Asker: 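Supplied in structure tokens, the structure appears directly below.
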Number of protein chains: 2
Amino acid sequence: MFHINEFKKLSGVSVRTLRYYDKIGLLKPVSKTEGGHRVYSNTELKKLQQIQFLKTIGFTLNEILTMLESEEWDWSNSLLKQLTYVAGEKDRLSKIESSVRELINGIAIEGEEFRIKKIMDLYNRDSKEIIHFNLNELDIKNTEVLEKLPNMASSDPDSLEWIALVGQLKKYMHLGYSHSRIQNIIERMDVKKGEDFKDEDAFLDKLWDIRMSAEESKNYSLYPIDQDVLTFMEEAYLYYLDHQS
Amino acid sequence: MFHINEFKKLSGVSVRTLRYYDKIGLLKPVSKTEGGHRVYSNTELKKLQQIQFLKTIGFTLNEILTMLESEEWDWSNSLLKQLTYVAGEKDRLSKIESSVRELINGIAIEGEEFRIKKIMDLYNRDSKEIIHFNLNELDIKNTEVLEKLPNMASSDPDSLEWIALVGQLKKYMHLGYSHSRIQNIIERMDVKKGEDFKDEDAFLDKLWDIRMSAEESKNYSLYPIDQDVLTFMEEAYLYYLDHQS
DNA sequence: TATAAAAGATGACGTAAGGTCACTTTCAAC
DNA sequence: GTTGAAAGTGACCTTACGTCATCTTTTATA
């Protein structure tokens with residue numbers, strides 16, 4: 001049993017935060033003294049560490065609250081959502097990073113005059129690729145795509161394998177679409193497509209369809225796939241069809 | 001000259017935001033009508049676009065305010081700072097992404113309940129860094145297994161596929177080891193084993209070894225594989241070897 | 001046991017960047 | 001001049017706490 005300052009030292013979380021978590025019902029002390037001082041135990045310490053972890057991967061306190069409250073929480077689903085979010089943010093930051101690098105280089109080379117003009121140029125480009133893209137994504141995510149891909153957030157191993165396959169494709173892209181490793185991946189995708197999923201709503205069919213129409217991929221919000229990966233996939237697939245035994 | 005609603009349509013920025021920018025002195029309208037309605041011009045449109053750009057690369061409105069106010073601003077310096085910040089954030093998100101992936105993988109293989117709290121418990125306040133689940137942080141006592149599986153906690157797509165394959169095996173176990181679906185999975189495992197990894201330390205070889213000695217798998221604690229899955233895998237593999245071609 | 005000091009509790013206000021009412025005033029068309 | 005649309009202002013709300021200010025409880029010492 002610890003009082004609040006000991007608990008703070010054990011957990012590394014500020015007293016204010018502990019009181020706040022108590023207030024919002026996220027982490028209540030195991031009991032209180034007669035005078036109203038909070039008393040914590042090891043149980044609360046563990047729970048607090050879980051909270052800290054979920055916070056670092058980007059969940060809000062409210063989300064964490066409902067997660068830890070409900071006994072039957074769909075962890076896979078929310079973790080996949082979170083993965084989507086995190087991967088998307090990472091992607092966004094990558095683009096920003098290159099913009100800023102470009103700007104710095106431009107200023108270094110061309111000097112002061114470069115400033116306004118180039119900022120504008122960069123902004124216009126970014127506004128098309130980043131901002132506008134995000135707005136569309138948000139709008140569409142809630143309506144069409146979710147209906148189109150009902151099972152896409154499942155923790156089904158098949159879905160996971162699909163994710164793995166796309167990941168491999170990306171990893172080995174530099175080998176070129178005719179490379180045997182790439183062709184093996186494509187073959188597995190093709191086999192898997194025909195073999196594992198015969199129902200219409202299946203994850204793979206939907207994603208396969210999306211591959212066909214590159215435009216749609218922009219709205220594909222569960223697992224962001226870069227445009228170049230999709231293009232590459234298309235090329236590799238065509239090559240695969242041509243050279244099939 | 002535009003009134004506020006036209007300006008909103010031109011810029012894509014909400015009316016509330018425009019009024020807010022006016023209030024904090026970031027973007028004032030060129031003039032006001034006698035009745036107090038805001039009037040904007042093309043100059044403000046350009047400035048607003050600059051603001052939007054600076055916002056997307058992560059500057060606060062306050063920073064932008066001082067930037068645009070002072071005539072001689074050290075752009076290189078602040079952009080470099082921003083680059084550092086953005087790159088750092090990207091790095092942070094990368095680590096989070098791997099953590100989440102690993103968590104998902106663990107759940108995919110093992111099922112929801114058991115693993116998640118245990119993994120989350122790994123979060124230590126001591127490590128100010130985001131946890132990167134490498135094996136050292138895990139509570140593993142058998143060091144032999146540790147040495148055998150150097151890369152198994154990585155989010156390498158190859159690892160992901162392996163994980164997915166084991167997951168599928170578990171999922172379709174009930175079909176029996178001679179079922180075509182199972183045999184397909186086994187075949188992919190076998191092909192993958194020989195094909196993708198030729199170096200000794202590779203993930204798959206090591207795990208394949210572990211399949212051989214079922215006892216060791218008990219110490220295999222990052223992605224523990226159930227005993228029955230291992231046994232089943234062995235049976236299916238023997239069947240596969242017998243009936244090959 | 002009395003008392004002082006330390007520790008804890010509670011409440012209020014502030015943060016960034018606006019969103020969302022509610023209510024009032026001005027503009028533009030007829 | 002009337003009227004409906006558009007614009008104005010002000011207040012409260014959001015996250016996850018930090019930072020006082022004031023009051024009460026606990027604890028250590030005389």
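Heavy atoms only: backbone and side chains are in, while hydrogens, waters and symmetry mates are out. Chain naming here is simple, since letters A, B, ... match the order of the sequence lines and numbering starts at 1 in each. Computed from a predicted model, the values in this text were never measured in an experiment.
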Asker: Salt-bridge test for A/Arg92 and A/Glu89: reply yes if a basic N is under 4.0 Å from a carboxylate O, no otherwise.
Answerer: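 Yes, charged N to carboxylate O under 4.0 Å.
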Asker: Picking from D/dG18, C/dG8, C/dA17, which would you name as closest to the side chain of A/Thr17?
Answerer: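 The closest nucleotide is D/dG18.
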Asker: Between C/dG18, C/dA9, D/dA7, which nucleotide gets closest to the side-chain atoms of A/His37?
Answerer: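 For the A/His37 side chain, the nearest candidate turns out to be C/dA9.
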Asker: Roughly, in whole Å, what's the span from CG in B/Asn5 to P in C/dC27?
Answerer: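 Rounding to the nearest Å, CG of B/Asn5 and P of C/dC27 are 16 Å apart.
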Asker: Does a side-chain N-to-carboxylate-O contact under 4.0 Å join A/Lys47 and A/Glu44?
Answerer: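 No, A/Lys47 and A/Glu44 are not salt-bridged.
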Asker: Taking OP1 and OP2 of D/dG8, is either one under 4.0 Å from a side-chain nitrogen or oxygen of B/Arg19?
Answerer: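 True: B/Arg19 side-chain N/O within range (under 4.0 Å) of D/dG8 OP1/OP2.
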Asker: Does a nitrogen or oxygen in the side chain of B/Arg38 sit under 4.0 Å from OP1 or OP2 of C/dT26?
Answerer: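 No, because none of the side-chain N or O atoms of B/Arg38 sits under 4.0 Å from OP1 or OP2 of C/dT26.
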Asker: Rounded to the nearest 0.5 Å, how far apart are CG of B/Leu68 and CG of B/Leu54?
Answerer: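 It is 6.0 Å, given to the nearest 0.5 Å.
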Asker: Does any N or O donor sit under 3.5 Å from an N or O acceptor when you compare the side chain of B/Arg16 with the base of C/dT20?
Answerer: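 Donor-acceptor pair under 3.5 Å: yes.
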Asker: Would you tell me if any nitrogen or oxygen in the side chain of A/Thr33 comes within less than 4.0 Å of OP1 or OP2 on D/dT25?
Answerer: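 No, because none of the side-chain N or O atoms of A/Thr33 sits under 4.0 Å from OP1 or OP2 of D/dT25.
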Asker: Quick check on C/dA16: is either OP1 or OP2 less than 4.0 Å from any side-chain nitrogen or oxygen of B/Lys23?
Answerer: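 For C/dA16, OP1/OP2 do not have a side-chain N/O of B/Lys23 under 4.0 Å.
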Asker: C/dA16 phosphate, OP1 or OP2: any side-chain N/O from B/Tyr20 under 4.0 angstrom?
Answerer: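 For C/dA16, OP1/OP2 do not have a side-chain N/O of B/Tyr20 under 4.0 Å.
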Asker: For A/Lys55 and D/dC17, is the shortest distance between a side-chain N/O and OP1 or OP2 below 4.0 Å?
Answerer: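 A/Lys55 to D/dC17 OP1/OP2: side-chain N or O found under 4.0 Å.
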Asker: Is a side-chain N or O of A/Ser11 found less than 3.5 angstrom from the main chain of A/Phe7, in a donor-acceptor match?
Answerer: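 Answer holds: yes.
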